[in-house]
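Notes for the one structure printed next.
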Amino acid sequence: MKPVILPALAAAALLGACQPAAENQSNAAAPAETNVDAAEGNAVGNVAAENVTARVLAMGDRERNVVFIRAILDAGLPCDGVQSSERLPDRDGKPLWRANCTGSGGSHMITITPDGIANIVSRTDR
């Protein structure tokens with residue numbers, strides 16, 4: 001099983017840390033380093049507080065398949081693209097999906113933990 005942190009979801013979480021334009025203008029007099037440090041602190045706090053499993057469960061098929069292809073490729077596994085994915089019964093209290101790749105990538109079983117780690121088991125028989 002190869003655990004992979006989902007950078008795509010982490011990047012989406014970082015976008016949530018952006019401040020509204022009115023707040024950015026009020027902080028304009030602060031040194032640049034202070035604004036960068038504050039933004040990084042907010043981003044880290046948002047990622048830590050977010051339940052990535054819930055976000056993946058709420059996604060539509062297309063968006064979820066994009067997350068799955070990214071996780072599969074980040075794990076160094078072969079897959080030209082995720083053609084389809086299907087939800088299977090939970091394993092160890094975590095949601096489980098079968099991601100079916102196009103080409104010769106086969107199928108991969110994927111679970112996502114609340115902190116954004118994808119655990120992938122490759123299947124060669126499907």
Side-chain angles (χ1 to χ4, degrees):
M1 184 178 314
K2 292 190 175 193
V4 177
I5 296 178
L6 297 175
L9 290 176
L14 291 175
L15 291 176
C18 295
Q19 297 178 0
E23 288 182 29
N24 284 339
Q25 290 174 355
S26 66
N27 291 335
E33 286 183 11
T34 304
N35 287 338
V36 170
D37 291 341
E40 287 177 3
N42 287 341
V44 170
N46 286 344
V47 171
E50 181 180 16
N51 183 339
V52 177
T53 304
R55 285 197 60 198
V56 173
L57 284 167
M59 290 178 178
D61 291 342
R62 178 179 278 173
E63 188 177 10
R64 188 172 34 257
N65 290 345
V66 169
V67 169
F68 289 163
I69 184 64
R70 180 63 192 250
I72 292 166
L73 294 176
D74 284 352
L77 298 169
C79 188
D80 293 334
V82 174
Q83 177 180 346
S84 65
S85 60
E86 61 183 294
R87 176 86 187 270
L88 301 173
D90 291 358
R91 174 154 303 159
D92 299 327
K94 296 180 197 106
L96 176 68
W97 289 271
R98 178 186 301 128
N100 302 304
C101 293
T102 58
S104 61
S107 295
H108 305 280
M109 309 302 276
I110 302 175
T111 60
I112 308 289
T113 63
D115 60 354
I117 296 176
N119 294 300
I120 303 169
V121 176
S122 295
R123 305 256 331 240
T124 58
D125 62 337
R126 294 185 184 201

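Given the structure is predicted, the values throughout are model-derived calculations rather than measurements.
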Non-hydrogen atoms of [X] and [Y] that approach each other most closely:
X      : Y      : value
Ile120 : Ala75  : CD1-CB, 4.0 Å
Ala99  : Ile72  : CB-CD1, 4.1 Å
Asp80  : Gly103 : OD2-CA, 3.5 Å
Val52  : Thr113 : CB-O, 4.1 Å

Contacts of type side-chain contact (heavy atoms from CB on, under 4.5 Å), residue [X], not counting sequence neighbours:
X     : result
Leu73 : Ile69
Asp90 : Arg87, Pro95
Ser84 : Asn100
Ser85 : Arg64, Asn65, Phe68

Q. Could you give all pairs that pass the disulfide bond (SG atoms under 2.5 Å apart) test and reach residues 55-102, with sequence neighbours left out?
A. Cys79-Cys101
Q. Does Thr102 use its side chain to pair, donor to acceptor, with the backbone of Gly81 at less than 3.5 Å?
A. yes
Q. Does some side-chain heavy atom of Asn119 sit less than 4.5 Å from a side-chain heavy atom of Val121?
A. no
**Q.** Minimum side-chain heavy-atom gap Leu88-Met109 below 4.5 Å
**A.** yes
(Q) Let me confirm one number: the CG-CG distance from Asn51 to Asp115, rounded to the nearest 0.5 Å. (A) 9.5 Å
(Q) Side-chain heavy atoms nearer than 4.5 Å, only ILVMFWY residues, links allowed to pass through others: does that put Leu57 and Ile110 together? (A) yes
